[in-house]
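A quick write-up on the structure given underneath.
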Amino acid sequence: MNTELAARLAEVERRYPVKVNEYCGALAERSAAVAKLYLPDPRELEEAGLSSDGLAEQAQSPVPKLIRRYVDRAVVLTTTECFVRCRFCFRKRLWADGAACFHLSSDELSAICSFLDGHHEVTDILLSGGDPLVLGDDRLLEIARKIRAAGGVETIRICSRAPAVQPERITEHLVSELAKIDGLWFVTHFDHPEELTPEAERACRLLVASGIPVLNQTVLLAGVNDDADTLRRLFKRLAALRVKPHYLFHIDPIEGVSHFATGIAKGLEILNEFRATLSSIATPAFAIDLPEGGGKVILAPDCRREDGAYRSSVYGTYIRHPLVDRNNGDASC
Ligand code: SF4
């Protein structure tokens, strides 16, 4: 390695510290794609005019550690700690420059519950971070139970990379206690089929067997998983495990991650291939998150021609639908 590259890598590591646990380190040695999730890249210093908080999470935080962008949903930042540090993380600002980790305090939890008591229209809470599963069982369960009991909350989503990066954290005790919380969902985050090791699959099976609905979110990452075959393998296997591929996200407009951006055309091209080759139970929604807190936009390949014919996922030709025509319908696929 030349000295200039070494200096740039040292600067990347100073700005965004590397953290890889033993499990992911071993996995990264076996998988070049997985290694790219955790190894620093000099391009992380290319900021291209992007903000560290490009989704305006701080501006959309009515009380500390709660982000509210939509009427009915909000995110609670339970901690800034993680089992690993992913190079594509959209909350890099929380751990950049060696920032000290925080866990949600009891006072902050009380303030969030008070806010929810005053805003019954917020019914769906995402417990996020960082990774909520770095918290001990008792604290995680306390947070989940208190938030579930607050205001008009009906559903809670625990968003965690633990099944992918620290699968032994998914224990029978934790899962059986989480399953007792009415309306609780679990959201895993797998980006590549090589993350689905026997240990990771055991963790997914344990969650599913408990009755907790399990969704997965994936980030479309240039050079890691931006081809249909790789993602098809990932999504098929997740569906077989009864983990529903929920979202495929384009990378967010955040500084330090732009080298992972694929562009929208690539995502739509992959989704287009899936129309004929991947069941709907295995196909996620493709989404971008807009800057300035503008929220998610779901994108789909355009299957409707100007003359009102639709592209067949079986033949690739355009076919008219008589009842749609008769009613001047404008359904898109
Ligand atoms: S586990 Fe999640 S929050 Fe933590 S570094 Fe990875 S993407 Fe970011």
Side-chain angles (χ1 to χ4, degrees), residues 12-25 27-28 31 33-41 44 50-55 57-58 61 65-67 75-104 126-135 140 143 157-170 186-192 194-196 200 203-204 214-222 224-225 234 246-261 284 287-289:
V12 173
E13 289 193 41
R14 188 208 60 73
R15 179 125 174 80
Y16 304 116
V18 173
K19 181 178 178 185
V20 188
N21 62 5
E22 199 180 325
Y23 173 84
C24 288
L27 190 50
S31 166
V34 170
K36 289 180 188 170
L37 305 178
Y38 307 118
L39 296 182
D41 187 306
E44 290 174 57
L50 297 168
S51 158
S52 65
D53 183 17
L55 302 186
E57 292 193 327
Q58 284 161 304
S61 180
K65 313 292 162 37
L66 181 125
I67 301 159
V75 173
V76 171
L77 298 178
T78 57
T79 176
T80 54
E81 200 175 334
C82 302
F83 299 103
V84 291
R85 292 303 192 192
C86 312
R87 308 315 294 180
F88 56 84
C89 177
F90 78 105
R91 294 206 178 108
K92 269 181 156 176
R93 73 179 191 281
L94 298 180
W95 50 272
D97 297 316
C101 283
F102 72 74
H103 298 317
L104 184 72
L126 285 77
L127 298 187
S128 184
D131 196 316
L133 264 67
V134 301
L135 302 175
L140 177 64
I143 292 171
R157 289 182 258 174
I158 296 187
C159 305
S160 171
R161 285 270 281 154
V165 303
Q166 183 91 0
E168 78 260 27
R169 178 68 187 89
I170 307 298
F186 200 98
V187 183
T188 62
H189 177 166
F190 288 93
D191 292 311
H192 195 279
E194 285 162 9
E195 291 182 300
L196 283 168
C204 292
V214 186
L215 306 173
N216 182 73
Q217 54 191 22
T218 294
V219 184
L220 182 61
L221 300 164
V224 176
N225 63 7
L234 173 64
H246 186 212
Y247 279 123
L248 173 64
F249 287 113
H250 187 271
I251 201 87
D252 286 322
I254 306 290
E255 70 175 9
V257 301
S258 57
H259 58 293
F260 285 115
I288 56 172
D289 239 309

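Each ligand, and each atom within it, is numbered from 1 in the order the structure gives. We number each residue from 1, following the sequence as shown. Not measured: the values here are computed from a predicted model.
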Member of Asp41, Val224, Asp252 meeting the side chain to side chain contact (heavy atoms under 4.5 Å, CB included) criterion with Phe260 | Val224

Name the one of Leu127, Leu133, Leu135 that satisfies side chain to side chain contact (heavy atoms under 4.5 Å, CB included) with Asp131?
-> Leu133

Atoms of the protein (N/O/S only) found under 2.8 Å from atom 8 (Fe) of ligand 1 | Cys89 SG

Candidate pair Tyr247 and Asp289, rule side-chain contact (heavy atoms from CB on, under 4.5 Å), full reasoning = CA-CA 11 Å; Tyr247 279 123; Asp289 239 309; over 6 Å; no

Would you say Leu39 and Arg87 make side-chain contact, with heavy atoms under 4.5 Å?
-> no

Given side chains that start at C-beta, do those of Ser160 and Val134 come closer than 4.5 Å, heavy atoms only?
-> no

In sequence, state the C-alpha distance, the side-chain angles, and the governing distance for Asp191 and Phe88, and then conclude on side-chain contact (heavy atoms from CB on, under 4.5 Å).
-> CA-CA 11 Å; Asp191 292 311; Phe88 56 84; 3.2 Å; yes

